[in-house]
J.: 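Please see the structure below; I have some questions.
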2 protein chains.
Amino acid sequence: MSRKPTMEDVKNLAGVSISTVSRVINGTRKVSPDKTEAVNKAIAKLGYKPNELARSLVMKRSNTLGIILDDIGYSYMAQYLRGIDEIGKMYKYDILLYSTFGSFEIQKKAVDFLSSKQVEGIIVISEKINNEILYLIKEHDIPYILLDTFYSPDEFKTVSIDFKKAMSDMTEFMIENGHENIAYLREKTAFHSSESKESGYIEATENHKLDNWVFGVNNDTVEAGYKFLEKNYNKLKKNDVTAIIAESDNLAVGILHYCYDNNINIPEEFSVSGFGNSDISELIKPSLTSVRLPYYDIGAIAVRILVKILRDKEEFNESINLNHEIMKRETIKKIK
Amino acid sequence: MSRKPTMEDVKNLAGVSISTVSRVINGTRKVSPDKTEAVNKAIAKLGYKPNELARSLVMKRSNTLGIILDDIGYSYMAQYLRGIDEIGKMYKYDILLYSTFGSFEIQKKAVDFLSSKQVEGIIVISEKINNEILYLIKEHDIPYILLDTFYSPDEFKTVSIDFKKAMSDMTEFMIENGHENIAYLREKTAFHSSESKESGYIEATENHKLDNWVFGVNNDTVEAGYKFLEKNYNKLKKNDVTAIIAESDNLAVGILHYCYDNNINIPEEFSVSGFGNSDISELIKPSLTSVRLPYYDIGAIAVRILVKILRDKEEFNESINLNHEIMKRETIKKIK
DNA sequence: TTGAAAGCGGTACCAG
DNA sequence: CTGGTACCGCTTTCAA
């Protein structure tokens with residue numbers, strides 16, 4: 001097998017200088033038609049492809065975007081990545097992935113690594129981010145953008161959705177449907193998004209002068225949702241609660257499972273909502289009302305912004321929020 | 001902002017030659033303790049990180065594995081990627097992703113691109129693969145491995161599972177549970193995996209001298225499964241069918257939905273099984289019996305093999321099959 | 001052990 | 001318009 005052809009080979013075959021070869025490849029300057037053709041023929045004949053590594057080395061550009069994320073296994077990550085990938089490709093950028101499994105240590109390694117690969121921009125997708133890593137990115141002087149996070153929105157750039165507004169909207173939606181005693185189920189670990197959501201619920205209920213009941217569980221799992229209702233069913237009934245807003249689809253599914261096992265009719269006894277619009281919300285029976293988050297769009301916009309920063313050397317300092325959408329399904333019933 | 005430090009800077013600060021710097025970084029040769037220390041100090045002080053691009057250029061190694069896949073949006077892709085990523089990282093390989101959205105044209109571009117980035121190996125994850133692209137990879141002389149595919153297993157390397165055996169096992173399982181009239185639902189588009197699965201069903205039923213009923217639908221969707229049962233319910237009952245094996249979870253979920261809507265009790269009237277063990281299979285009520293595919297392991301093993309090829313220049317010519325697992329859940333009932 | 005110097009495959013500036 | 005050449009940052013002979 002013969003070694004990959006280089007510009008040297010093209011130059012020899014075409015009988016021109018190496019600079020000329022470079023010129024016709026990049027269209028940097030005018031080259032006479034005959035030489036252009038000679039070069040193109042040689043390229044075709046040899047099947048020459050420029051070595052991007054060498055090119056990046058001298059240009060100090062790699063046409064690559066680095067993505068740092070916690071775990072590719074999270075189902076919504078794929079949606080982010082689609083947005084990033086698709087739009088990135090439109091601008092000729094490719095994707096270098098780095099999973100950190102939530103470890104700050106690995107996050108730092110990721111930055112160093114991506115930087116050494118000379119990525120032109122970095123997108124960090126993580127709720128639990130450490131400011132060290134952000135400063136590290138800044139130090140490397142590489143443009144970046146944050147997704148899925150609430151960390152210091154003032155100081156760091158982020159594209160996200162307004163979780164508080166989203167949950168407030170969901171609560172309003174329950175109220176519009178006639179519910180006045182609405183319970184709220186959240187996970188206790190204090191991530192910002194979780195707190196924002198709760199505050200949205202609180203705000204909406206208070207605006208309508210309704211009581212509010214916040215219940216906390218320890219994990220964002222189906223089991224936790226199940227146990228919650230098992231434990232609190234009587235209490236909810238005693239207080240005439242007719243709707244339960246869960247801060248996640250997992251929790252909501254747990255609630256639905258408990259109802260299924262105990263012949264509690266949904267939505268007759270309770271209207272239930274989740275959050276995230278995961279696949280299951282549409283497929284479970286009864287199908288679950290949820291809040292759709294525009295992951296794809298967030299990824300897409302993040303890339304657009306990054307590209308803009310790269311192209312125009314323009315700063316990006318506002319945090320952008322995208323719109324959520326309430327997906328009404330069978331678990332909601334209008335009462336009164 | 002000061003430019004990134006290079007070996008030149010380290011050399012100056014440490015007062016040694018640039019070769020020496022390289023040596024202590026790579027441990028290529030013995031270097032006297034004092035110089036070693038001087039270099040290390042300089043590196044630490046400057047925060048020097050080697051430029052991987054330059055390194056790759058001269059070494060002709062990039063420590064990067066290229067992944068070509070159809071669409072990162074497919075839910076099981078994430079599991080493949082986790083396996084690849086996690087094991088890849090163990091061997092210091094990083095991941096360059098390329099989505100092709102099933103287009104052969106883009107697949108070819110992907111190969112060229114990855115090659116120009118000097119990836120050391122390529123993993124192709126796609127059911128619909130074109131042999132052109134395989135020859136293209138061969139031409140580039142870069143080691144590769146195929147996943148999720150059945151294409152020419154003799155000529156090309158692949159890690160997969162034995163779909164035929166898997167479906168035959170599922171059928172046997174139904175038979176063990178006393179079912180003698182078992183319907184089979186497949187998608188008509190003729191991918192290899194689909195055909196293999198069907199042949200597994202046929203084989204098992206024939207081994208037990210049972211009748212077999214194969215139904216075909218046009219899409220692998222929940223709706224298709226739903227419509228299938230809607231159309232064939234009476235026919236199934238007339239033939240005393242007590243079990244339905246669907247070739248995918250989607251189809252099976254559609255069946256479950258139809259039953260839910262029409263008060264057909266599962267598993268009393270029908271035992272139902274899906275394939276793929278998607279998230280929904282565990283979360284739907286009744287939970288769906290399915291076949292778990294070891295995506296993570298497939299990815300992990302693929303990387304191991306690739307690394308072995310890279311390290312030992314060893315050929316890999318057998319196709320490896322990994323074990324599936326039948327996940328028994330509520331949709332199955334023992335009869336008789 | 002150590003340093004000088006020749007590349008790896010390109011780009012871009014400088015003359016001509 | 002075209003060719004020569006320095007250089008991007010690093011590894012690796014080859015001598016010393």
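In what follows, chains are A, B, ... by sequence order, proteins preceding strands, each numbered from 1.
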J.: Among B:Tyr296, B:Tyr295, B:Tyr74, exactly one meets ring pair (Phe, Tyr, Trp, His ring centres under 6.0 Å) together with B:Tyr80. Which residue is that?
T.: B:Tyr295

J.: So, does A:Gln107 use its side chain to make a donor-acceptor pair with the main chain of A:Thr100 at under 3.5 Å?
T.: no

J.: What range of DNA chain D does chain A touch, first nucleotide to last, counting atoms under 4.0 Å from its heavy atoms?
T.: D:dC1 to D:dG9

J.: Any chance the side chains of A:Asp71 and A:Ser99 put a donor and an acceptor closer than 3.5 Å?
T.: no

J.: Where along residues 54-61 of chain B does a heavy atom come under 4.0 Å from DNA chain C, residue by residue in number order?
T.: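 When residues 54-61 of chain B is checked for heavy atoms under 4.0 Å from DNA chain C, the hits, listed by number, are B:Leu57, B:Val58, B:Lys60.
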
J.: Provide the start and end nucleotides, 5' to 3', of the part of DNA chain C that has atoms under 4.0 Å from heavy atoms of chain B.
T.: C:dT1 to C:dG9

J.: Determine the contact category for A:Lys49: base if any of its heavy atoms lies under 4.0 Å from a base atom, sugar-phosphate if only primed atoms, P, OP1 or OP2 are that close, otherwise nothing.
T.: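 A:Lys49: backbone/sugar contact only, no base atoms under 4.0 Å.
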
J.: With A:Arg304, which residues qualify under salt bridge (Lys or Arg N to Asp or Glu O under 4.0 Å), at least two apart?
T.: none

J.: Could you tell me whether A:Asp85 and A:Lys89 have a side-chain N and a carboxylate O separated by less than 4.0 Å?
T.: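 Yes, charged N to carboxylate O under 4.0 Å.
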
J.: Should A:Leu57 and A:Leu53 count as side-chain neighbours, where that means a heavy-atom distance under 4.5 Å?
T.: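 The answer is no, as the side chains (C-beta and beyond) never meet within the 4.5 Å cut-off.
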
J.: Hey, does B:Asn26 have a side-chain heavy atom less than 4.5 Å from the side chain of B:Arg55?
T.: yes

J.: One thing to verify: whether A:Lys41 and A:Glu37 come together as a salt bridge, which I'm taking to mean a side-chain N less than 4.0 angstrom from a carboxylate O.
T.: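 Here A:Glu37 pairs with A:Lys41 in a salt bridge, since their nearest N and O are under 4.0 Å apart.
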
J.: Any non-hydrogen side-chain atom of B:Leu306 less than 4.5 Å from a side-chain atom of B:Pro143?
T.: yes

J.: Can you give me every donor-acceptor pair (side chain of residues 14-21 of chain A, partner residue at least two apart or in another chain, under 3.5 Å) with its distance?
T.:
unit_1	atom_1	unit_2	atom_2	d
A:Ser17	OG	A:Ser19	N	3.3
A:Ser17	OG	A:Thr20	N	3.2
A:Ser17	OG	A:Thr20	OG1	3.1

J.: List the steps, then state whether side-chain contact (heavy atoms from CB on, under 4.5 Å) holds for B:Thr158 with B:Ile320.
T.: CA-CA 7 Å; B:Thr158 169; B:Ile320 293 187; over 6 Å; no

J.: Which residues in residues 18-42 of chain A have a heavy atom closer than 4.0 Å to any atom of DNA chain C?
T.: A:Ser19, A:Ser22, A:Arg23, A:Asn26

J.: Side-chain contact test, heavy atoms from C-beta onward, threshold under 4.5 Å: evaluate it for B:Asp94 versus B:Leu65 and give yes or no.
T.: no

